[in-house]
Amino acid sequence: MFEKKLQVKMRRTAVLVACSILLFLVCGGLLSTALQKSKSETIQEQISIEIDEYKSRILKQLDADFQMLSTLAAFLEENITEDRQLLTRQLDQANQNNGFLTMVYFDRQGQGVISTLGEQPLTDASLDDLAQEGRRVVELALEGTVMISQLFESELSENRVFAYSVPVYSNGKLIGALAASDHIDIFSDILNGNAVLSGGGYIHMLDSEGNFLVRSSRTVLPAETRSLFDSNYLSEEARTLIQNALQNQQSASSSFSYQGKTYPFMVEPVGLNGWMLLCVSTGETISTSTSDWILQGTFIGVFLLMLFLLLYNYRILRGYNRELIGLAYYDTLTQAENLTRFQQRLPEALEHTGGCVAALCVRQFPFLIEIFGRDKAEQLLCQMKKTADQLLKKDEFFCRDTEDRFYLFLAETDQETLRPRLQQLMDQICAQAEISAMNYQLALYCGVAISEASDHPAEMANTLMVRVQFALDKAIGGHSNTIWFFDTELHKLEELENYIESHMHQALHSGEFRMFLQPKHRLSDGKLLGAEALVRWLPRDRGPIFPDQFIPLFEKNGFCVQLDLYMVEQACRKLREWMDRGMTPVPLSVNQSKLLFFEADYVGKLTRIVDRYQISPQWITLEILEGMALENADVLNRKIADLHQAGFQISLDDFGSGYSSLNTLGKLEIDELKLDREFLLSASSPKQNRVRLIMEQIVQLAHQLTIRTVVEGVETEEDERFIRSIGCDIGQGYLYSRPVSAEEFDRLLEQAYSGSSADPSSGSNR
Ligand code: C2E
Ligand code: CA
Ligand code: CA
């Protein structure tokens with residue numbers, strides 16, 4: 001059970017830890033995503049700043065070129081000449097100084113001059129000498145528009161170029177157009193700067209279709225890639241996003257994957273000719289796959305570590321737990337469970353199946369240790385454990401308590417089934433014991449207590465443990481190798497005996513012993529002649545206890561000596577009270593036990609009591625049992641003589657119940673003979689004539705010996721008629737009255753003697 005609890009606890013802990021780990025992973029994941037997001041946002045921000053910077057540099061470059069062109073236009077405005085040679089030289093000069101690829105000037109008639117770096121300038125050029133795109137921007141400038149062309153193939157410079165054009169005015173009148181073309185590579189220097197994203201990135205320039213116009217020399221994608229969309233590195237989503245951005249000339253951010261890495265990038269319109277800047281971040285730190293791997297790896301590592309720690313702790317704990325359980329619940333010698341464990345399991349078993357507890361022990365175990373030594377004795381105990389293991393069924397269990405004591409739970413409640421099973425167990429133990437082979441007659445004791453239906457299995461378990469103890473004690477007190485089943489009646493008796501012995505002294509001091517009186521009536525006229533004092537124990541904490549329940553015990557433990565003297569004292573006290581109250585007293589008979597009767601200074605003790613109450617001993621009749629006469633009638637007679645001497649009356653009680661003989665009667669010098677109740681019971685049997693005869697003889701003999709006769713147990717009128725017919729003197733029994741409390745007897749006495757008086761010796765009158 002303990003282990004089960006631990007397992008449950010460990011399972012809970014494991015679930016808790018697993019949940020914690022999961023939570024940890026989820027939080028970590030979220031955190032990592034957030035970090036990743038914030039990182040990519042930071043990168044995007046950096047890219048955005050960077051791309052803006054480069055855009056403005058490009059625009060500045062363009063602006064500078066325009067400025068240059070405008071300055072030249074202004075110069076031409078001032079110095080325009082009809083002299084074509086001169087105009088050509090001036091233009092060529094300007095072109096050499098400013099580093100354009102080609103410079104052209106055309107007047108409104110379409111006649112112009114062309115200067116191309118490294119070529120002879122053309123003095124007499126027409127618009128047809130220009131490429132289509134070149135001509136377009138010149139023509140637009142001739143209409144007064146400032147223009148930048150698309151890229152085009154220039155036949156003049158044999159290069160992919162673009163051209164700027166500005167109108168030229170003279171005195172506010174448009175007279176011509178100045179244009180200059182330049183290689184797109186003029187932006188390469190700007191874009192190839194090492195400083196892009198502090199070295200962690202590069203910038204390309206794209207046209208509105210996504211084709212590379214200017215490629216940075218530092219690049220991730222292979223050099224032969226002509227268009228951003230040539231590659232399959234862009235996801236479908238990114239592709240659409242970028243296409244839209246190009247189409248609408250908007251900026252957009254995305255990323256592409258190449259060789260296991262993810263590269264964030266951004267496109268931003270330059271604001272001219274649909275050109276776009278593409279800025280790519282190549283920073284190592286943004287290799288998400290690697291950082292993801294590291295992060296995931298860390299989490300898995302932590303997870304596995306925690307799992308390992310958990311399992312490791314579980315193993316250690318389980319080990320400790322087993323050890324503890326071993327110490328707490330197992331008997332180290334036999335490895336059987338111990339009593340603690342047994343008592344723990346018992347209520348549960350009783351609730352499930354019901355059953356019984358059997359206790360088993362070895363006859364004279366200490367003696368056995370002495371003869372064979374402890375080792376052999378312990379071997380026997382281990383053997384007992386083995387046999388129990390073999391013979392007990394699935395739901396049954398047992399334990400070894402101290403030394404040779406075993407308790408077994410058997411899931412049976414029927415004595416007839418239990419007896420052969422237990423007998424088999426005992427027989428097998430005896431047969432298999434090593435010492436049995438050494439000619440030792442091994443014997444066992446067995447006590448059993450069977451469970452009853454109960455709603456409180458824990459209470460029932462406790463009760464069974466007490467009862468089985470009781471049954472085992474009985475078994476130990478009886479023959480060995482027998483099985484004692486707990487008997488409720490017997491147990492109650494035993495319990496009462498325990499109560500009696502443990503409470504008797506205190507009961508005597510606190511007045512729980514009360515004197516009840518049973519009247520004795522003269523048969524001739526029904527007169528109340530006296531009473532017998534009968535003790536009643538009225539405990540405060542339970543119901544009354546009757547003499548038959550405690551007198552035999554007091555006779556064994558000697559307490560009857562004190563009790564009988566106490567009753568004599570109570571009788572004297574009553575007599576004194578009657579006398580003091582002016583009532584007519586009647587003689588009281590007090591039962592005397594054998595122990596008291598032969599007590600040293602017995603007569604002296606009695607005398608002192610009667611003296612204390614100033615009562616004549618004649619009012620007290622001492623009832624002794626006929627059994628006392630069996631041992632030595634002479635000794636008894638001497639005692640009787642002493643008592644007579646002191647003035648007491650002697651009655652022989654229960655005559656006819658035991659070994660009574662007329663011979664005994666003849667020897668004893670008694671004053672009264674009480675015939676036992678048995679006589680009356682027998683007198684109504686088929687042998688009644690014989691009994692009648694015997695009783696008649698006894699009564700006659702008693703009369704001849706001047707002994708008055710009392711018959712006990714007179715219950716019916718018929719009984720009374722009979723005893724009267726055989727000449728008996730006095731009757732005592734329920735017909736007249738049950739034993740009543742002293743106070744109630746006072747009333748009976750008052751009724752009987754209103755006006756007349758009694759005589760202590762009246763009982764002797766026949
Ligand atoms: P016992 O001395 O023979 O007392 C007579 C018993 O018979 C009393 O039982 C009484 O209640 C009972 N009895 C009286 N009339 C009838 C009847 O008509 N029918 C039946 N069935 N029973 C009747 P009790 O009081 O239970 O006393 C039992 C025995 O205990 C006494 O037998 C006596 O031996 C002893 N005892 C009682 N009080 C004392 C005492 O103070 N000291 C000693 N040593 N023994 C006492
Ligand atoms: Ca008696
Ligand atoms: Ca009697």
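It should be emphasised that the depicted structure is a prediction, and the values quoted were computed from it without experimental measurement. All residue numbers refer to positions in the sequence shown, counting from 1.
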NZ/NE/NH1/NH2 to OD/OE distance under 4.0 Å, Arg135 and Asp128 | yes
Just by modelled atom types, is the Gly200 backbone N or O under 3.5 Å from a matching donor or acceptor in the Thr282 side chain?
-> yes
Cationic tip of Arg315 within the cone over Tyr312's six-membered ring, i.e. under 6.0 Å and within 45° of the normal?
-> no
If we only count heavy atoms from C-beta on, is the Met103 to Ile114 side-chain gap below 4.5 Å?
-> no
Donor-acceptor contact below 3.5 Å, side chain Asp331 vs main chain Leu333 | yes
Is any side-chain heavy atom of Pro264 closer than 4.5 Å to a side-chain heavy atom of Gln44?
-> yes
What's the spacing between Gln250 CD and Met276 CE if we round to 0.5 Å?
-> 8.5 Å
Got a sec, which pairs hit side-chain hydrogen bond (donor to acceptor under 3.5 Å, both in side chains) with one end in residues 161-180, sequence neighbours left out?
-> Asp65-Tyr164
Could you tell me whether Lys393 and Glu412 make a salt bridge, using a distance below 4.0 angstrom between a side-chain N and a carboxylate O?
-> yes
Applying side chain to side chain donor-acceptor pair (under 3.5 Å), name anything that partners Asn95, two or more places apart in sequence or on another chain.
-> Ser115
Has the side chain of Thr334 got a donor or acceptor atom that lies under 3.5 Å from a matching backbone atom of Leu381?
-> no
Value for CG (Leu91) from CD (Gln96), rounded to nearest 0.5 Å, stands at 10.0 Å
Basic-acidic side-chain contact under 4.0 Å: Glu337, Arg345 | yes
With sequence neighbours excluded, give me every ring pair (Phe, Tyr, Trp, His ring centres under 6.0 Å) pair touching residues 195-214.
-> Tyr202-His204, His204-Phe212
Return yes when atom CD of Gln390 has more than 12 non-hydrogen atoms of other residues, nucleotides or ligands closer than 6.0 Å, and no otherwise.
-> yes
Rounded distance (nearest 0.5 Å) linking atom CD of Gln335 with atom CG of Asp389 = 11.0 Å
Below 4.5 Å, heavy atoms only, C-beta onward: do Phe265 and Phe256 meet side chain to side chain?
-> yes
Side chains of Val280 and Leu278 in contact at under 4.5 Å (non-hydrogen atoms) | yes
State, with a plain yes or no, whether a side-chain heavy atom of Arg239 is found less than 4.5 Å away from one of Gln243.
-> yes
Tell me yes or no: between the side chains of Thr387 and Gln383, is some donor less than 3.5 Å from an acceptor?
-> yes
Check ring pair (Phe, Tyr, Trp, His ring centres under 6.0 Å) between Tyr407 and all other residues, then give those that pass, not counting sequence neighbours.
-> none
Evaluation steps, side chain to side chain contact (heavy atoms under 4.5 Å, CB included), between Leu151 and Leu213 | CA-CA 9 Å; Leu151 278 184; Leu213 292 179; 3.2 Å; yes
Taking the six-membered ring for Trp, are Trp275 and Phe162 parallel (under 30°), tilted (30 to 60°) or perpendicular (over 60°)?
-> perpendicular
Rounded to the nearest 0.5 Å, how far does SG of Cys399 lie from CG of Leu339?
-> 5.0 Å
Would you confirm whether Thr353, through its side chain, and Ala349, through its main-chain N or O, come within 3.5 Å as a donor-acceptor pair?
-> yes
Give the intermediate values and the outcome of side chain to side chain donor-acceptor pair (under 3.5 Å) for residues Asn248 and Asn244.
-> CA-CA 6 Å; Asn248 304 324; Asn244 285 339; 5.1 Å; no
How would you list, by chain and number, every residue that makes a side chain to side chain donor-acceptor pair (under 3.5 Å) with Lys386, sequence neighbours excluded?
-> none
Between Arg84 and Asp124, is there a donor-acceptor pair closer than 3.5 Å when you use the side chain of the first and the backbone of the second?
-> no
Could you grab the distance from atom CG of Leu206 to atom CG of Leu246, nearest 0.5 Å is fine?
-> 6.5 Å
Non-hydrogen side-chain atoms of Val138 and Leu130 separated by less than 4.5 Å | yes
Rounded distance [0.5 Å steps], CG in Leu62 versus CD1 in Ile58 = 7.5 Å
Given side chains that start at C-beta, do those of Pro269 and Ser251 come closer than 4.5 Å, heavy atoms only?
-> yes
Contacts of Leu87 meeting side-chain contact (heavy atoms from CB on, under 4.5 Å) (sequence neighbours excluded), chain-then-number -> Leu76, Ile80, Thr81, Gln90, Tyr105, Val113
Pairwise side-chain contact, Asp401 with Phe406, heavy-atom cut-off 4.5 Å (strictly under) | no
Can you check whether Ser126's main-chain N or O pairs, donor with acceptor, with Asp129's side chain at less than 3.5 Å?
-> yes
Quick one: do Asp52 and Arg57 make a salt bridge, cutoff under 4.0 Å?
-> no
Which pair of non-hydrogen atoms, one from Pro167 and one from Leu174, has the smallest distance, and what is that distance?
-> CB-CD1, 3.8 Å
Looking only at atom types and distance, does a side-chain atom of Ser208 sit under 3.5 Å from a main-chain N or O of Gly274, one as donor and one as acceptor?
-> no
Would you please say whether a donor-acceptor pair under 3.5 Å links the side chains of Gln344 and Tyr329?
-> yes
Take Asp182 and Val161 through the test side chain to side chain contact (heavy atoms under 4.5 Å, CB included) and record every step on the way to the result.
-> CA-CA 5 Å; Asp182 214 339; Val161 298; over 6 Å; no
